[in-house]
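Here the structure is laid out as structure tokens; the discussion comes afterwards.
All of these numbers come straight from a predicted model, not from anything done at the bench. When a residue number appears, it is its place in the shown sequence, counting from 1.
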Amino acid sequence: MKVEVRCIRSRGRPLPPSERPAAIGRLRIQEDRKHALGRATLCARLENFADPLGGLALPELSDVHLLWLKDRQLRLAGVEHVDGCDFAQTWDVQVVAC
């Protein structure tokens, strides 16, 4: 489904609402085996529509879970891996089209 995502944090620190740029793409949530963790985990990916190779618009969220869902909005929380470090991250998601 096509969505607009706004990240609540940057490197684990909260961003003010005015500093949360929107990323648009196709949301995919699926279980994936993470060899570094030695287990399977639920992952959320925002695939970039502009990239014909299916690149990601945002870093993947691992150990993702749904915080709330209402109408065409939802909030996902998980862990993103950036520059060799893991950070808490939350996505505010608005469904644009199914």
Between F87 and R13, is there a side-chain heavy-atom distance shorter than 4.5 Å? no
Quick one: closest heavy-atom pair of V82 and P59, and the distance? CG2-CG, 4.0 Å
Kindly give the cluster partners of L27, where membership spreads through any ILVMFWY side chain lying under 4.5 Å from a current member. M1, V3, V5, I29, L42, L46, L58, L61, V64, L66, L69, L74, L76, W91, V93, V95
Residues in salt bridge (Lys or Arg N to Asp or Glu O under 4.0 Å) with R39, at least two apart? D63
Does P21 have any side chain to side chain contact (heavy atoms under 4.5 Å, CB included) partners at least two apart in sequence or in another chain, and if so, which? none
Report yes if the side chains of R26 and K2 come closer than 4.5 Å at any heavy-atom pair, otherwise no. no
Heavy-atom pair of closest approach, residues A57 and I24: CB-O, 4.4 Å
Apart from V79 itself, its cluster of hydrophobic side chains linked below 4.5 Å comprises none
Sequence neighbours excluded, the answer for side chain to side chain donor-acceptor pair (under 3.5 Å) partners of R72 is none
For K34, salt bridge (Lys or Arg N to Asp or Glu O under 4.0 Å) partners two or more places apart: D32, E60
Pairing residues for R9 by the side chain to side chain donor-acceptor pair (under 3.5 Å) criterion, not counting sequence neighbours: T90
Among all residues two or more places apart in sequence or in another chain, which pass the side chain to side chain donor-acceptor pair (under 3.5 Å) test with E80? Q89
Tell me, do T41 and E31 make a side-chain contact under 4.5 Å, heavy atoms counted? no
Which residues, ordered by chain and number, are linked to W68 in its hydrophobic cluster, where ILVMFWY side chains connect at heavy-atom gaps below 4.5 Å, directly or through other members? L67
Partners meeting salt bridge (Lys or Arg N to Asp or Glu O under 4.0 Å) with R6 (sequence neighbours left out): E4
For the CZ atom of R45 and the OG atom of S62, what is their distance to the nearest 0.5 Å? 8.0 Å
Residues passing the side chain to side chain donor-acceptor pair (under 3.5 Å) test with H81, sequence neighbours excluded, are D86
For D83, which residues count as a salt bridge (Lys or Arg N to Asp or Glu O under 4.0 Å) partner, sequence neighbours excluded? R11
